[in-house]
Visitor: 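Encoded as C-alpha coordinates, here's the structure I'll be asking about.
Whatever order the structure lists them in is the order used to number ligands and atoms, beginning at 1. Start at 1 with the first residue, then count along the sequence. Note: hydrogens, waters and symmetry copies are ignored here, and every other heavy atom, side chains too, is used.
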Amino acid sequence: MAIVKNGREVLSNIIDTQIPIHEKYGGVVPEIASRNHIEAISRVTQKALEEAKVTWEDITAITPTYGPGLVGALLVGVSYAKALAYAKEIPFVGVNHIQGHIAANYITHQKLEPPFLCIMMSGGNTQIIHVKNYIEFEVLGKTRDDAIGEAFDKVARVVGLGYPGGPKVDKLAKEGQANIELPKTHFEGDTLDFSFSGIKTAVINLHHKTPDINKADLCASFQKTVTETLMENVEKAIKKTGVRAIALAGGVSSNSYIRKEFLELEKSGIQVYMPDLKLCTDNAAMIASAGYYNYIAGNRSTLNLNAVPNLKL
Ligand code: KG4
(Lines give C-alpha, C1' and ligand atoms only; values in the text may rest on other atoms or scores of the structure.)
Protein backbone atom coordinates (compact mmCIF):
# COMPACT_ATOMS: atom_id res chain seq x y z
CA MET A 1 0.00 0.00 0.00
CA ALA A 2 1.33 3.44 -0.91
CA ILE A 3 0.25 7.06 -0.73
CA VAL A 4 1.49 9.09 -3.71
CA LYS A 5 0.96 12.80 -4.36
CA ASN A 6 0.40 14.06 -7.92
CA GLY A 7 1.64 10.78 -9.37
CA ARG A 8 5.30 11.46 -8.59
CA GLU A 9 5.87 12.17 -4.89
CA VAL A 10 5.92 9.07 -2.69
CA LEU A 11 4.62 9.87 0.79
CA SER A 12 4.72 6.22 1.86
CA ASN A 13 5.31 2.89 0.13
CA ILE A 14 4.83 -0.09 2.43
CA ILE A 15 6.00 -3.47 1.19
CA ASP A 16 4.99 -6.54 3.18
CA THR A 17 7.11 -9.19 1.49
CA GLN A 18 6.05 -12.84 1.46
CA ILE A 19 9.40 -14.10 0.13
CA PRO A 20 10.37 -15.92 3.38
CA ILE A 21 6.98 -17.70 3.38
CA HIS A 22 7.31 -18.99 -0.20
CA GLU A 23 11.05 -19.64 -0.14
CA LYS A 24 10.66 -23.13 1.29
CA TYR A 25 8.35 -24.16 -1.59
CA GLY A 26 10.78 -22.90 -4.26
CA GLY A 27 8.22 -20.45 -5.70
CA VAL A 28 4.98 -18.59 -5.01
CA VAL A 29 2.09 -20.82 -3.85
CA PRO A 30 -1.00 -18.89 -5.05
CA GLU A 31 -3.39 -19.96 -2.27
CA ILE A 32 -0.86 -19.13 0.45
CA ALA A 33 -0.17 -15.77 -1.24
CA SER A 34 -3.81 -14.69 -1.15
CA ARG A 35 -4.32 -15.82 2.44
CA ASN A 36 -1.32 -13.79 3.53
CA HIS A 37 -2.58 -10.77 1.60
CA ILE A 38 -5.82 -10.93 3.59
CA GLU A 39 -3.89 -11.10 6.83
CA ALA A 40 -1.66 -8.14 5.90
CA ILE A 41 -3.86 -5.70 4.02
CA SER A 42 -5.50 -3.72 6.85
CA ARG A 43 -2.27 -3.50 8.83
CA VAL A 44 -0.31 -2.34 5.78
CA THR A 45 -2.97 0.23 4.87
CA GLN A 46 -2.88 1.71 8.36
CA LYS A 47 0.90 1.92 8.23
CA ALA A 48 0.83 3.64 4.81
CA LEU A 49 -1.56 6.35 6.12
CA GLU A 50 0.48 6.86 9.28
CA GLU A 51 3.82 7.08 7.52
CA ALA A 52 2.41 9.54 4.96
CA LYS A 53 0.80 11.52 7.82
CA VAL A 54 -2.54 11.70 6.00
CA THR A 55 -6.13 10.73 6.76
CA TRP A 56 -8.88 9.43 4.44
CA GLU A 57 -10.03 13.05 3.92
CA ASP A 58 -6.76 13.70 2.06
CA ILE A 59 -7.22 10.81 -0.38
CA THR A 60 -8.49 11.78 -3.87
CA ALA A 61 -8.63 8.32 -5.43
CA ILE A 62 -8.13 4.66 -4.56
CA THR A 63 -6.35 2.81 -7.36
CA PRO A 64 -5.82 -0.94 -6.90
CA THR A 65 -4.23 -3.12 -9.54
CA TYR A 66 -6.70 -5.59 -11.05
CA GLY A 67 -4.38 -7.56 -13.35
CA PRO A 68 -2.40 -9.20 -14.76
CA GLY A 69 -1.37 -11.46 -11.88
CA LEU A 70 -2.51 -14.26 -9.61
CA VAL A 71 -6.28 -14.09 -9.36
CA GLY A 72 -6.54 -14.82 -5.63
CA ALA A 73 -4.04 -12.14 -4.64
CA LEU A 74 -5.58 -9.61 -7.05
CA LEU A 75 -9.06 -10.27 -5.64
CA VAL A 76 -7.94 -9.42 -2.14
CA GLY A 77 -6.64 -6.01 -3.24
CA VAL A 78 -9.57 -5.25 -5.55
CA SER A 79 -12.21 -6.25 -2.97
CA TYR A 80 -10.53 -4.31 -0.20
CA ALA A 81 -10.17 -1.21 -2.40
CA LYS A 82 -13.81 -1.44 -3.51
CA ALA A 83 -14.98 -1.63 0.10
CA LEU A 84 -12.85 1.37 1.03
CA ALA A 85 -14.00 3.42 -1.96
CA TYR A 86 -17.64 2.64 -1.16
CA ALA A 87 -17.41 3.25 2.58
CA LYS A 88 -15.31 6.42 2.33
CA GLU A 89 -17.03 7.70 -0.87
CA ILE A 90 -13.72 8.11 -2.68
CA PRO A 91 -13.35 7.73 -6.50
CA PHE A 92 -12.05 4.36 -7.56
CA VAL A 93 -9.85 3.50 -10.58
CA GLY A 94 -8.51 0.01 -11.44
CA VAL A 95 -4.93 -0.02 -12.70
CA ASN A 96 -3.14 -2.37 -15.08
CA HIS A 97 -0.13 -3.83 -13.24
CA ILE A 98 2.14 -3.37 -16.28
CA GLN A 99 1.22 0.33 -16.49
CA GLY A 100 2.35 0.45 -12.85
CA HIS A 101 5.77 -1.00 -13.65
CA ILE A 102 6.19 1.60 -16.42
CA ALA A 103 5.13 4.39 -14.02
CA ALA A 104 7.90 3.42 -11.56
CA ASN A 105 10.09 5.43 -13.94
CA TYR A 106 8.02 8.60 -13.37
CA ILE A 107 8.82 8.43 -9.67
CA THR A 108 12.56 7.96 -10.16
CA HIS A 109 12.85 10.39 -13.08
CA GLN A 110 10.67 13.33 -12.12
CA LYS A 111 11.02 15.02 -15.54
CA LEU A 112 10.39 11.93 -17.68
CA GLU A 113 7.39 12.29 -19.96
CA PRO A 114 6.05 10.09 -22.77
CA PRO A 115 6.64 9.24 -25.56
CA PHE A 116 9.34 6.65 -24.90
CA LEU A 117 9.92 2.93 -25.36
CA CYS A 118 9.79 0.58 -22.40
CA ILE A 119 11.27 -2.87 -22.01
CA MET A 120 9.08 -4.57 -19.45
CA MET A 121 10.81 -7.56 -17.82
CA SER A 122 9.14 -9.40 -14.95
CA GLY A 123 8.27 -12.85 -13.67
CA GLY A 124 5.17 -12.98 -15.86
CA ASN A 125 5.89 -10.63 -18.75
CA THR A 126 8.51 -9.61 -21.29
CA GLN A 127 7.39 -6.92 -23.69
CA ILE A 128 8.66 -3.97 -25.68
CA ILE A 129 6.09 -1.22 -25.33
CA HIS A 130 5.69 2.11 -27.11
CA VAL A 131 4.46 4.43 -24.36
CA LYS A 132 2.61 6.99 -26.47
CA ASN A 133 1.23 9.03 -23.59
CA TYR A 134 0.43 8.38 -19.93
CA ILE A 135 -2.49 6.07 -20.72
CA GLU A 136 -1.91 4.89 -24.31
CA PHE A 137 0.41 2.02 -25.12
CA GLU A 138 1.33 -0.14 -28.09
CA VAL A 139 2.95 -3.53 -27.53
CA LEU A 140 5.62 -3.85 -30.24
CA GLY A 141 6.93 -7.27 -29.21
CA LYS A 142 6.40 -9.87 -26.51
CA THR A 143 7.57 -13.28 -25.39
CA ARG A 144 6.05 -16.22 -27.20
CA ASP A 145 6.74 -18.58 -24.30
CA ASP A 146 8.51 -17.98 -20.97
CA ALA A 147 8.91 -14.57 -19.39
CA ILE A 148 12.50 -13.56 -18.76
CA GLY A 149 12.02 -13.62 -14.97
CA GLU A 150 10.71 -17.18 -15.22
CA ALA A 151 13.87 -18.16 -17.12
CA PHE A 152 16.07 -16.54 -14.43
CA ASP A 153 14.12 -18.36 -11.69
CA LYS A 154 14.36 -21.70 -13.50
CA VAL A 155 18.11 -21.36 -14.10
CA ALA A 156 18.57 -20.53 -10.42
CA ARG A 157 16.57 -23.58 -9.38
CA VAL A 158 18.48 -25.91 -11.70
CA VAL A 159 21.90 -24.79 -10.47
CA GLY A 160 20.65 -25.02 -6.87
CA LEU A 161 20.42 -21.36 -5.90
CA GLY A 162 16.78 -21.41 -4.74
CA TYR A 163 13.99 -18.83 -4.88
CA PRO A 164 13.74 -15.98 -5.81
CA GLY A 165 16.26 -16.87 -8.45
CA GLY A 166 16.91 -13.63 -10.33
CA PRO A 167 18.91 -11.82 -7.63
CA LYS A 168 20.89 -15.01 -6.87
CA VAL A 169 21.86 -15.54 -10.53
CA ASP A 170 22.83 -11.85 -10.70
CA LYS A 171 25.11 -12.25 -7.66
CA LEU A 172 26.77 -15.51 -8.69
CA ALA A 173 27.33 -14.30 -12.27
CA LYS A 174 29.64 -11.61 -10.92
CA GLU A 175 32.09 -14.37 -9.93
CA GLY A 176 32.02 -16.07 -13.35
CA GLN A 177 33.07 -15.60 -16.96
CA ALA A 178 30.52 -15.54 -19.77
CA ASN A 179 32.47 -18.20 -21.69
CA ILE A 180 29.74 -20.78 -22.43
CA GLU A 181 27.93 -20.54 -25.73
CA LEU A 182 24.14 -20.64 -25.38
CA PRO A 183 21.44 -20.45 -28.06
CA LYS A 184 19.48 -17.35 -29.02
CA THR A 185 16.09 -17.66 -30.69
CA HIS A 186 15.49 -15.52 -33.76
CA PHE A 187 12.18 -15.38 -35.58
CA GLU A 188 11.83 -14.83 -39.28
CA GLY A 189 10.40 -11.57 -40.52
CA ASP A 190 9.85 -8.19 -39.00
CA THR A 191 8.92 -9.22 -35.45
CA LEU A 192 10.16 -7.89 -32.12
CA ASP A 193 8.98 -10.98 -30.24
CA PHE A 194 11.13 -12.94 -27.79
CA SER A 195 11.51 -16.57 -26.81
CA PHE A 196 13.37 -17.70 -23.70
CA SER A 197 12.34 -21.36 -23.53
CA GLY A 198 15.25 -22.48 -25.79
CA ILE A 199 17.99 -20.96 -23.66
CA LYS A 200 16.27 -22.16 -20.48
CA THR A 201 16.22 -25.75 -21.78
CA ALA A 202 19.81 -25.44 -23.00
CA VAL A 203 20.97 -24.42 -19.50
CA ILE A 204 19.00 -27.31 -17.91
CA ASN A 205 20.45 -29.87 -20.36
CA LEU A 206 23.98 -28.55 -20.03
CA HIS A 207 23.77 -28.71 -16.27
CA HIS A 208 22.43 -32.29 -16.34
CA LYS A 209 25.06 -33.48 -18.82
CA THR A 210 27.96 -31.67 -17.13
CA PRO A 211 27.29 -31.78 -13.37
CA ASP A 212 30.69 -30.27 -12.56
CA ILE A 213 30.11 -27.26 -14.82
CA ASN A 214 31.20 -23.96 -13.28
CA LYS A 215 27.89 -22.55 -12.01
CA ALA A 216 29.11 -18.96 -11.93
CA ASP A 217 30.22 -19.21 -15.59
CA LEU A 218 26.86 -20.72 -16.51
CA CYS A 219 24.97 -17.89 -14.78
CA ALA A 220 27.20 -15.24 -16.36
CA SER A 221 26.76 -16.80 -19.83
CA PHE A 222 22.98 -17.06 -19.42
CA GLN A 223 22.74 -13.46 -18.26
CA LYS A 224 24.93 -12.16 -21.10
CA THR A 225 23.02 -14.10 -23.78
CA VAL A 226 19.54 -13.01 -22.63
CA THR A 227 20.74 -9.41 -22.30
CA GLU A 228 22.01 -9.48 -25.90
CA THR A 229 18.61 -10.76 -27.03
CA LEU A 230 16.83 -7.96 -25.16
CA MET A 231 19.12 -5.30 -26.57
CA GLU A 232 18.94 -6.54 -30.15
CA ASN A 233 15.15 -6.21 -30.08
CA VAL A 234 15.26 -2.83 -28.33
CA GLU A 235 17.65 -1.51 -30.99
CA LYS A 236 15.26 -2.76 -33.68
CA ALA A 237 12.35 -1.02 -31.88
CA ILE A 238 14.29 2.25 -31.77
CA LYS A 239 14.92 2.00 -35.53
CA LYS A 240 11.31 1.07 -36.26
CA THR A 241 9.71 3.87 -34.22
CA GLY A 242 12.40 6.58 -34.30
CA VAL A 243 11.83 6.98 -30.53
CA ARG A 244 15.26 7.39 -28.97
CA ALA A 245 14.40 6.97 -25.29
CA ILE A 246 14.13 3.62 -23.50
CA ALA A 247 12.93 2.93 -19.98
CA LEU A 248 13.46 -0.36 -18.15
CA ALA A 249 10.68 -1.81 -15.99
CA GLY A 250 9.75 -4.89 -13.94
CA GLY A 251 11.60 -7.02 -11.40
CA VAL A 252 14.32 -8.15 -13.82
CA SER A 253 15.27 -4.51 -14.46
CA SER A 254 17.03 -4.63 -11.08
CA ASN A 255 19.62 -6.97 -12.66
CA SER A 256 23.00 -5.27 -12.36
CA TYR A 257 24.38 -6.61 -15.66
CA ILE A 258 21.26 -5.63 -17.65
CA ARG A 259 21.35 -2.12 -16.13
CA LYS A 260 25.03 -1.70 -17.00
CA GLU A 261 24.63 -2.91 -20.58
CA PHE A 262 21.58 -0.72 -21.26
CA LEU A 263 23.44 2.35 -20.00
CA GLU A 264 25.95 1.72 -22.83
CA LEU A 265 23.22 2.82 -25.26
CA GLU A 266 23.68 6.38 -23.97
CA LYS A 267 26.96 6.46 -25.92
CA SER A 268 24.91 6.41 -29.12
CA GLY A 269 22.69 9.26 -27.97
CA ILE A 270 19.79 7.19 -26.66
CA GLN A 271 18.21 8.32 -23.39
CA VAL A 272 18.11 5.44 -20.91
CA TYR A 273 15.88 5.41 -17.83
CA MET A 274 15.53 2.82 -15.10
CA PRO A 275 13.61 2.84 -11.82
CA ASP A 276 15.41 2.94 -8.47
CA LEU A 277 16.08 -0.62 -7.35
CA LYS A 278 13.33 -0.58 -4.72
CA LEU A 279 10.77 0.43 -7.37
CA CYS A 280 11.70 -2.30 -9.90
CA THR A 281 10.01 -5.18 -8.10
CA ASP A 282 6.31 -5.13 -7.23
CA ASN A 283 5.27 -2.18 -5.06
CA ALA A 284 2.19 -0.02 -4.57
CA ALA A 285 3.78 3.38 -5.28
CA MET A 286 4.14 2.55 -8.97
CA ILE A 287 0.48 1.44 -9.09
CA ALA A 288 -0.61 4.71 -7.42
CA SER A 289 1.43 6.71 -9.94
CA ALA A 290 -0.26 4.95 -12.87
CA GLY A 291 -3.58 5.33 -11.03
CA TYR A 292 -3.04 9.09 -10.80
CA TYR A 293 -2.54 9.42 -14.57
CA ASN A 294 -5.65 7.35 -15.23
CA TYR A 295 -7.60 9.43 -12.72
CA ILE A 296 -6.63 12.80 -14.23
CA ALA A 297 -7.48 11.43 -17.69
CA GLY A 298 -11.02 10.93 -16.37
CA ASN A 299 -10.95 7.15 -16.11
CA ARG A 300 -13.15 5.67 -13.37
CA SER A 301 -14.04 2.08 -12.48
CA THR A 302 -17.33 0.90 -11.06
CA LEU A 303 -17.75 -1.33 -8.06
CA ASN A 304 -18.32 -4.18 -10.54
CA LEU A 305 -14.59 -4.23 -11.31
CA ASN A 306 -13.23 -7.76 -11.19
CA ALA A 307 -9.68 -9.16 -11.11
CA VAL A 308 -8.43 -10.05 -14.61
CA PRO A 309 -5.46 -12.46 -14.33
CA ASN A 310 -4.42 -12.12 -17.99
CA LEU A 311 -5.24 -8.42 -18.46
CA LYS A 312 -3.54 -6.91 -21.53
CA LEU A 313 -2.14 -3.41 -21.83
O1 KG4 B 1 8.07 -7.48 -11.44
P2 KG4 B 1 8.26 -8.52 -10.39
O3 KG4 B 1 8.59 -8.07 -9.00
O4 KG4 B 1 7.01 -9.43 -10.23
C5 KG4 B 1 6.19 -9.79 -11.28
O6 KG4 B 1 6.53 -10.78 -11.95
O7 KG4 B 1 5.17 -9.09 -11.43
O8 KG4 B 1 9.38 -9.50 -10.97
C9 KG4 B 1 9.82 -10.65 -10.29
C10 KG4 B 1 10.89 -11.30 -11.14
C11 KG4 B 1 11.34 -12.66 -10.58
O12 KG4 B 1 11.36 -13.58 -11.66
C13 KG4 B 1 12.72 -12.37 -10.04
O14 KG4 B 1 13.58 -13.51 -10.06
C15 KG4 B 1 13.21 -11.29 -10.98
O16 KG4 B 1 12.08 -10.47 -11.15
N17 KG4 B 1 14.35 -10.51 -10.46
C18 KG4 B 1 15.56 -10.51 -11.04
C19 KG4 B 1 16.39 -9.70 -10.21
N20 KG4 B 1 15.64 -9.25 -9.16
C21 KG4 B 1 14.38 -9.76 -9.34
N22 KG4 B 1 16.02 -11.10 -12.15
C23 KG4 B 1 17.31 -10.91 -12.47
N24 KG4 B 1 18.16 -10.17 -11.72
C25 KG4 B 1 17.76 -9.56 -10.60
N26 KG4 B 1 18.62 -8.84 -9.88
Visitor: Looking at E232 and K184, is any side-chain nitrogen of the basic one under 4.0 Å from a carboxylate oxygen of the acidic one?
Guide: yes
Visitor: Quick one: do the Q271 and Y273 side chains pair a donor with an acceptor below 3.5 Å?
Guide: yes
Visitor: Do L75 and Y66 have side chains that get closer than 4.5 Å, going by heavy atoms?
Guide: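 Side chain of L75 against side chain of Y66, heavy atoms only: no contact under 4.5 Å found.
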Visitor: So T126 and K142, side-chain contact (heavy atoms from CB on, under 4.5 Å) or not? Walk me through it.
Guide: CA-CA 6 Å; T126 312; K142 60 182 183 317; over 6 Å; no
Visitor: Using side-chain contact (heavy atoms from CB on, under 4.5 Å), reason through L182 and L206 one step at a time and then give a plain yes or no.
Guide: CA-CA 10 Å; L182 293 167; L206 205 57; 4.1 Å; yes
Visitor: Taking the six-membered ring for Trp, is the centroid-to-centroid distance between F194 and F187 below 6.0 Å?
Guide: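 Not under 6.0 Å, so no.
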Visitor: Ligand 1: which residues have a non-hydrogen atom closer than 4.0 Å?
Guide: H97, H101, S122, G123, G124, G149, F152, D153, G166, P167, D170, G250, G251, V252, S254, N255, T281, D282
